[in-house]
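One structure is given here, and the rest of the page talks about it.
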Number of protein chains: 2
Amino acid sequence: MKTMPNDLLIARLQSHLALDESERNGLAGLPCQMRSMPGRNLALAGKLSENHVHMIIEGYACRYRDLADGRRQILSLLMPGDVIDLRQFVLGGMQPAVATLSVATLAAIPNASLFRLLEDHPRITTALWSTTLVEESISREWLVSIGKRSAIERMAHLLCETFLRLAAVGRTEGARFPLPLTQSELADALGLSTVHVNRTLQELRKSGQIAFQAGTVEIFDFNALAAQAMFSPDYLHLREMPLIGAVPA
Amino acid sequence: MKTMPNDLLIARLQSHLALDESERNGLAGLPCQMRSMPGRNLALAGKLSENHVHMIIEGYACRYRDLADGRRQILSLLMPGDVIDLRQFVLGGMQPAVATLSVATLAAIPNASLFRLLEDHPRITTALWSTTLVEESISREWLVSIGKRSAIERMAHLLCETFLRLAAVGRTEGARFPLPLTQSELADALGLSTVHVNRTLQELRKSGQIAFQAGTVEIFDFNALAAQAMFSPDYLHLREMPLIGAVPA
DNA sequence: CGCGGATTTGACACCTCTCAATGATGGTGG
DNA sequence: CCACCATCATTGAGAGGTGTCAAATCCGCG
């Protein structure tokens, strides 16, 4: 039942852009070495292999920024199928710090192999780039969330977003998905205080919109939640919407 | 005293990466057509020439996102030297809406000419790319601001940032620079209400940190303002810091 | 001169934060 | 197997920052 790392990459790329069989085969042939990060809250700086590109296979990570006085802002959530260091691969340069948010396993793909593949398959280049564009797009949506949405809207929005991102790579089960984040980590992502995250979650639970326990979220009525959050999925640039709601028991 | 459009582009690129003379000459030879946007709050969608890349010469614009219920979030400020549609030029794809925030003049450079130039000068490609990376970096910093900084810190931070960005392209005069934004536009950028922007500005004025009238800001003590905002300029990736404070009368 | 948008001011509500204490939970060592 | 400890979740009380509503003033512009 476990997808192999290459399949995950294929699924992720295809969620944005359809690939043909030769392209899929090329991706499937990519050598990749598994790498397991044993714990949560591990900074990845220096822990990634030089000359490799890394994708998250299992677990969560984040990009973040620390302020001088200890406040932290999580800039983006990285989840299975996300490539961490694609931008450096092509452009080099600066990127914010990355840390795990759970035990996680990464796949490391040698730059050289990837380069070779991209020479033969320009559309894979496009597909890879589109993942970075989607990441930017998500980042802008977070700006909207934090700037303009209320606490409960922000939380609802994040849950909708995460659900669809995971669904796109087959990591949801019906309306449930893993979200092993601490309330304080959610707070740092949403620009809220820990206490308020707690109250916000309670409100969503009490109103019957979600369940959230033991690192697993269940969304009872996605459309209602999306409406409350003013969530519209365009910015995720998914080729097709996962089937929502109509999940037979 | 007015810099020509090509000089502005050169200045902007050199603010991040030094160029040699042949590269500067190449840029100086780029044909570009001036385009003036007569008013504020003009959506640029459809108003830009196809197959051209546009740079702001004078005035301000912004990327923004509107929510269903009328709330608006300004995602980034575009100012002289900023290229609006560089990403589409290379990657195509989706970008948020752009609107002017003042009367503005743009320069339109034909894609073809730019392509030709880049073939001869790979470092110009790098320099251009780095402007998009800086834009992303600024965007992340905004996320930190809105997520973690107080109203007064946010405002101070935006003023510091804007000052340095303008200084990098020679658009400041001493400690003064143009900022012809409405308080309500500042509010949309900072994730605050108009009224609170007003009070925040008053506080900064009363504490003697800035003057702000008739669309012009003056920063009396940049370092103090930066300290209050927890502003550290690294994220702007400027090659050299403009001289601050020590501006002889 | 009068109009419309922008700024300013006031009063008030309320969302969210902070501080603090109390319960859960899970892992660890005795 | 249980006591213990750290971390996380939850709850309460209160303060304070920020938003909303509304009105007044200012200002540029036609």
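To find a chain, count down the sequence lines: A is the first, B the second, and so on, and within it residues start at 1.
B:His157 and B:Arg149 share a donor-acceptor pair across their side chains, judged by distance under 3.5 Å alone. Looking only at atom types and distance, the side chain of A:Tyr60 has no donor-acceptor partner in the side chain of A:Glu185 under 3.5 Å away.
Rounded to whole Å, atom P of C:dG5 lies 18 Å from atom CG of B:Leu101. Going from atom CG of A:Asn198 over to atom P of C:dT22 covers 17 Å, rounded to whole Å. Rounded to whole angstrom, the span from the CG atom of B:Leu186 across to the P atom of C:dT8 amounts to 11 Å. Rounded to whole Å, the distance from NZ on B:Lys148 to C1' on C:dC17 is 11 Å. Following rounding to the nearest Å, B:His196 (NE2) and C:dC14 (C1') show an atom-to-atom distance of 14 Å. Distance CZ (B:Phe212) to C1' (C:dT8): 14 Å, rounded to an integer number of Å. Distance, B:Leu192 CG to C:dC15 P: 18 Å, rounded to whole Å. Regarding B:Asn41, its CG atom lies at a distance of 13 Å from the C1' atom of C:dA6, rounded to whole Å.
Salt-bridge formation is not detected for the pair B:Arg87/B:Glu135: no Lys NZ or Arg NE/NH1/NH2 atom is positioned less than 4.0 Å from an Asp or Glu carboxylate oxygen.
Here the CG atom belonging to B:Leu48 is positioned 5.5 Å from the CG atom belonging to B:Asp85, to the nearest 0.5 angstrom.
For the pair B:Arg205 and C:dT8, the criterion of a side-chain N or O lying under 4.0 Å from OP1 or OP2 is met. For the OP1/OP2 pair of C:dT25 and a distance below 4.0 Å, the side-chain nitrogens and oxygens of A:Gln213 include no atom meeting the criterion.
Contact footprint of chain B on DNA chain D: nucleotides with an atom under 4.0 Å from a non-hydrogen protein atom, first to last in 5' to 3' order, D:dT18 to D:dC21.
Taking all atoms of both residues into account, the shortest heavy-atom contact from B:Gly174 to B:Phe163 is O-CE1, 3.5 Å. The heavy-atom pair separating B:Glu153 from B:Gln228 by the smallest distance is CG-O, 3.4 Å.
Among the heavy atoms of the strands, none lies under 4.0 Å from A:Gly215. Residue contacts for B:Ser150: at a heavy-atom cut-off of 4.0 Å it reaches the sugar-phosphate backbone alone, with no base atom in range.
Of the options B:Asn198, B:Thr200, B:Thr194, a side-chain hydrogen bond (donor to acceptor under 3.5 Å, both in side chains) to B:Gln183 is made by B:Asn198 and by none of the others.
The nearest heavy atom of DNA chain C to A:Ile152 and to B:Thr182 marks one nucleotide each, and the one closer to the 5' end goes with B:Thr182.
Minimum atom distance to the side chain of B:Arg199 is reached by C:dA11, of the listed C:dT7, C:dC17, C:dA11. Minimum atom distance to the side chain of B:Gln183 is reached by C:dT7, of the listed C:dT18, C:dG10, C:dT7.
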